[in-house]
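What follows is one structure encoded as structure tokens, with my remarks underneath.
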Amino acid sequence: MKILHTKEEVKSALLAHRKENNSIGLVPTMGALHDGHISLVKHARSHADITITSIFVNPIQFNNPSDLEHYPRTLEKDLELLENKGVDYVFLPEIEEMYQEETLLKFDFGYLENTLEGEFRPSHFNGVGIVVSKLFHIVQPDYAYFGQKDLQQVAIIKRLVKDLSFDVKVEVVPTIREKDGLAMSSRNVRLGEEERKAALLLFNSLNLAKDELLKGISWLEVKEKVLSKFDQEPLAKLEYFELVETDSLKKLNSFNPRELDDTKKYSVCMASFIGEVRLIDNLPIY
Ligand SMILES: Nc1ncnc2c1ncn2[C@@H]1O[C@H](COP(=O)(O)OP(=O)(O)OP(=O)(O)O)[C@@H](O)[C@H]1O
Ligand SMILES: CC(C)(CO)[C@@H](O)C(=O)[O-]
Ligand code: BAL
């Protein structure tokens with residue numbers, strides 16, 4: 001496994017592979033790797049000839065300076081893990097490599113970004129859009145792998161690829177969970193013992209919603225039940241709990257399991273603080 005620090009190094013390392021018509025799979029990450037990231041790496045390794053993982057904590061996608069300051073960083077362990085999993089290259093740029101000066105670019109993803117996460121993390125998806133575009137330009141991957149856990153990010157990146165005609169196929173990988181159902185996330189290491197228990201409320205709420213919606217119980221009734229469970233958990237502060245059409249992210253007020261449209265998928269998605277740690281999760285309903 002080779003570590004690359006600059007875009008010139010990436011270009012020259014990948015040139016030989018391109019000449020041999022090897023396909024290139026990119027796994028963008030912010031490090032502090034866990035089995036969710038490794039699942040993306042495994043998908044990349046099974047589809048693409050060459051796998052490159054980027055590790056870059058992108059400052060411009062953090063709307064909260066304390067979140068950026070406390071974002072877990074475990075570089076040595078990450079590199080060992082990636083080496084063991086057969087990754088070919090790691091792109092590890094410094095901030096100055098990605099942002100020679102403050103970028104003047106502003107992405108506006110319209111209705112895709114003004115909802116859900118966008119309501120609580122202003123300018124977050126602008127930062128994601130800019131850094132992912134830069135990574136696509138630098139690496140020019142044939143495939144790029146993203147987790148379903150970041151459902152809105154997936155919708156935005158698919159649209160970015162269309163709108164800017166990137167020649168890359170976006171592959172979406174299912175959410176990997178801990179044994180008890182908590183979605184794996186780099187930020188989970190920041191949870192204390194009691195918070196870790198309280199964090200299960202996210203997955204339990206999504207499961208409850210899925211079960212009850214499929215039984216025909218109304219969305220409003222389901223949502224009320226979940227909101228009241230959150231009210232009873234002092235460690236949790238729910239930001240949103242919404243039923244959406246998965247690709248368009250359109251919020252729905254009702255769901256009828258007897259009148260489903262086969263061309264559409266539906267998900268329940270949510271964000272909640274547990275103590276100081278903000279977690280997101282979602283579950284496909286149908
Ligand atoms: N549990 C998971 N299962 C599958 N993919 C995941 C999981 N967690 C993160 N990913 C994906 O890994 C990629 C890198 O994510 P990132 O480095 O932000 O990790 P993270 O665990 O989501 O961190 P955090 O949520 O704390 O920001 C993203 O495409 C993300 O969707
Ligand atoms: C895609 C990404 C690596 C861009 O910084 C980040 O948003 C993430 O880890 O999901
Ligand atoms: N996985 C999304 C990256 C972020 O929370 O900033």
Side-chain angles (χ1 to χ4, degrees), residues 25-44 52-75 78 81-82 90-93 95 98-99 107 113 116-118 120-136 138-139 141 143-158 160-161 168 170-191 199 202-203 206 239 269-274 276-284:
L26 169 67
V27 180
T29 82
M30 302 206 299
L33 303 182
H34 50 64
D35 283 352
H37 300 111
I38 297 309
S39 173
L40 303 191
V41 165
K42 285 185 183 153
H43 277 77
I52 174 164
T53 300
S54 59
I55 300 181
F56 180 63
V57 182
N58 175 36
I60 70 163
Q61 73 184 68
F62 284 81
N63 54 302
N64 173 353
S66 150
D67 189 25
L68 174 59
E69 189 192 328
H70 292 104
Y71 198 82
R73 288 164 170 88
T74 56
L75 184 58
D78 292 353
L81 199 56
L82 294 175
V90 179
F91 180 40
L92 198 61
I95 291 185
M98 299 300 273
Y99 302 105
F107 278 123
E113 86 163 80
L116 308 170
E117 287 294 283
F120 295 90
R121 299 188 68 185
S123 85
H124 167 62
F125 288 115
N126 173 56
V128 170
I130 290 175
V131 81
V132 170
S133 302
K134 282 172 176 277
L135 290 169
F136 285 177
I138 294 169
V139 176
Y143 306 99
Y145 297 83
F146 295 92
Q148 181 67 31
K149 195 196 77 179
D150 294 85
L151 169 136
Q152 190 171 7
Q153 174 167 279
V154 164
I156 282 180
I157 290 170
K158 282 185 173 168
L160 176 79
V161 165
V168 50
V170 172
E171 301 284 354
V172 184
V173 176
T175 303
I176 304 295
R177 299 181 178 280
E178 301 288 354
K179 276 204 185 76
D180 61 4
L182 177 68
M184 289 196 180
S185 161
S186 307
R187 291 182 176 91
N188 289 352
V189 298
R190 296 186 53 208
L191 297 168
L202 278 87
F203 181 61
L206 293 171
E239 286 198 332
C269 44
M270 66 189 303
S272 176
F273 273 96
I274 302 291
E276 302 266 289
V277 186
R278 187 175 183 280
L279 299 176
I280 61 171
D281 200 356
N282 68 82
L283 199 63

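The structure presented is a predicted model; accordingly, all values stated were derived computationally and were not measured. First listed ligand is number 1; within each ligand, the first listed atom is number 1.
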Within the structure, does Q153 bring an N/O atom to less than 3.5 angstrom of an N/O atom in ligand 2?
yes

Before signing off on this row, confirm whether D150 and ligand 2 have an N or O atom pair separated by under 3.5 Å.
no

Name the closest protein heavy atom to [atom], giving the residue it belongs to and the distance to 0.1 Å.
{"atom": "atom 9 (O) of ligand 2", "answer": "M30 CG, 3.5 Å"}
{"atom": "atom 30 (C) of ligand 1", "answer": "D150 OD1, 3.2 Å"}
{"atom": "atom 23 (O) of ligand 1", "answer": "Y71 OH, 3.0 Å"}
{"atom": "atom 29 (O) of ligand 1", "answer": "G147 N, 3.0 Å"}
{"atom": "atom 15 (O) of ligand 1", "answer": "H37 NE2, 3.6 Å"}
{"atom": "atom 2 (C) of ligand 3", "answer": "D150 OD2, 3.1 Å"}
{"atom": "atom 3 (N) of ligand 1", "answer": "I176 N, 2.9 Å"}
{"atom": "atom 25 (O) of ligand 1", "answer": "K149 NZ, 2.9 Å"}
{"atom": "atom 5 (O) of ligand 2", "answer": "Q61 OE1, 2.6 Å"}

For [X], counting its heavy atoms only, list the atoms of ligand 1 lying under 4.0 Å from any of them.
{"X": "S186", "answer": "19 (O), 20 (P), 21 (O), 23 (O), 26 (O)"}
{"X": "L40", "answer": "11 (C), 12 (O), 13 (C), 29 (O)"}
{"X": "P28", "answer": "13 (C), 14 (C)"}
{"X": "T175", "answer": "1 (N), 3 (N), 4 (C)"}
{"X": "F146", "answer": "29 (O)"}

Any idea which of M30, R187, M184 brings a heavy atom closest to atom 24 (P) of ligand 1?
R187

Which one of R190, H34, Q148 has a non-hydrogen atom at the shortest distance from atom 21 (O) of ligand 1?
H34

As a quick check of understanding, evaluate side chain to side chain contact (heavy atoms under 4.5 Å, CB included) for T74 and V189, giving each step before the final call.
CA-CA 11 Å; T74 56; V189 298; over 6 Å; no

For [X] versus [Y], what's the shortest heavy-atom pair and its separation?
{"X": "A32", "Y": "D78", "answer": "N-OD2, 2.9 Å"}
{"X": "P72", "Y": "S186", "answer": "CG-O, 3.2 Å"}
{"X": "P59", "Y": "I95", "answer": "CG-CD1, 4.0 Å"}
{"X": "F136", "Y": "A144", "answer": "CE2-CB, 3.6 Å"}

N282 side chain to Q148 main-chain N or O, any donor-acceptor pair under 3.5 Å?
yes

Check for a donor-acceptor pair, side chain of T175 on one end and backbone N or O of K149 on the other, with a separation under 3.5 Å.
yes

Go through the steps to decide whether L135 and F56 satisfy the test side chain to side chain contact (heavy atoms under 4.5 Å, CB included), and finish with yes or no.
CA-CA 10 Å; L135 290 169; F56 180 63; 5.9 Å; no

So if I count the atoms of ligand 3 from 1 in the order they appear, which ones are less than 4.0 Å from some heavy atom of R187?
4 (C), 5 (O), 6 (O)

Any idea which atoms of ligand 3 are less than 4.0 Å away from a heavy-atom of M30?
3 (C), 4 (C), 6 (O)

Hey, what do you get for CG (N126) to CG (N63), rounding to the nearest 0.5 Å?
11.5 Å

Taking a cutoff of less than 4.0 Å between a non-hydrogen atom of the residue and any ligand atom, is K149 in contact with ligand 3?
no

So which bit of I157 gets within less than 4.0 Å of ligand 2, heavy atoms only: side chain, backbone, both or neither?
neither

Report yes if the side chains of [X] and [Y] come closer than 4.5 Å at any heavy-atom pair, otherwise no.
{"X": "K158", "Y": "V172", "value": "yes"}
{"X": "E276", "Y": "H70", "value": "no"}
{"X": "E117", "Y": "R278", "value": "yes"}

Quick check on contacts: which atoms of ligand 2 are under 4.0 angstrom from a heavy atom of P28?
3 (C)

I need the atoms of ligand 2 closer than 4.0 Å to a non-hydrogen atom of V131, numbered in the order shown.
4 (C), 5 (O)

With a 6.0 Å cut-off (strictly less than), is the heavy-atom count around OH of Y143, excluding the residue itself, greater than 12?
no

For the residue pair Y71 and F62, categorise the inter-ring angle as parallel (less than 30°), tilted (30 to 60°) or perpendicular (more than 60°).
perpendicular

Begin from the C-alpha positions of L116 and C269 and carry the test side chain to side chain contact (heavy atoms under 4.5 Å, CB included) through to its verdict.
CA-CA 8 Å; L116 308 170; C269 44; 3.9 Å; yes

Check each heavy atom of R278 against ligand 3 and say whether those closer than 4.0 Å belong to the side chain, the backbone, both or neither.
neither

Could you tell me whether R121 approaches ligand 3 through its side chain, its backbone, both or neither, with non-hydrogen atoms closer than 4.0 Å?
side chain

E239 and R121 ion-paired at < 4.0 Å:
no

Of the backbone atoms (N, CA, C, O) and the side-chain heavy atoms from C-beta on, which set of R177 has a member under 4.0 Å from an atom of ligand 1: side chain, backbone, both, or neither?
neither

Tell me the contacting part of P174 for ligand 1: side chain, backbone, both, or neither, using a 4.0 Å heavy-atom threshold, strictly below.
backbone

Check against side chain to side chain contact (heavy atoms under 4.5 Å, CB included), M98 and I130:
CA-CA 10 Å; M98 299 300 273; I130 290 175; over 6 Å; no

Counting only nitrogen or oxygen atoms and a 3.5 angstrom limit, does Q61 reach ligand 3?
yes

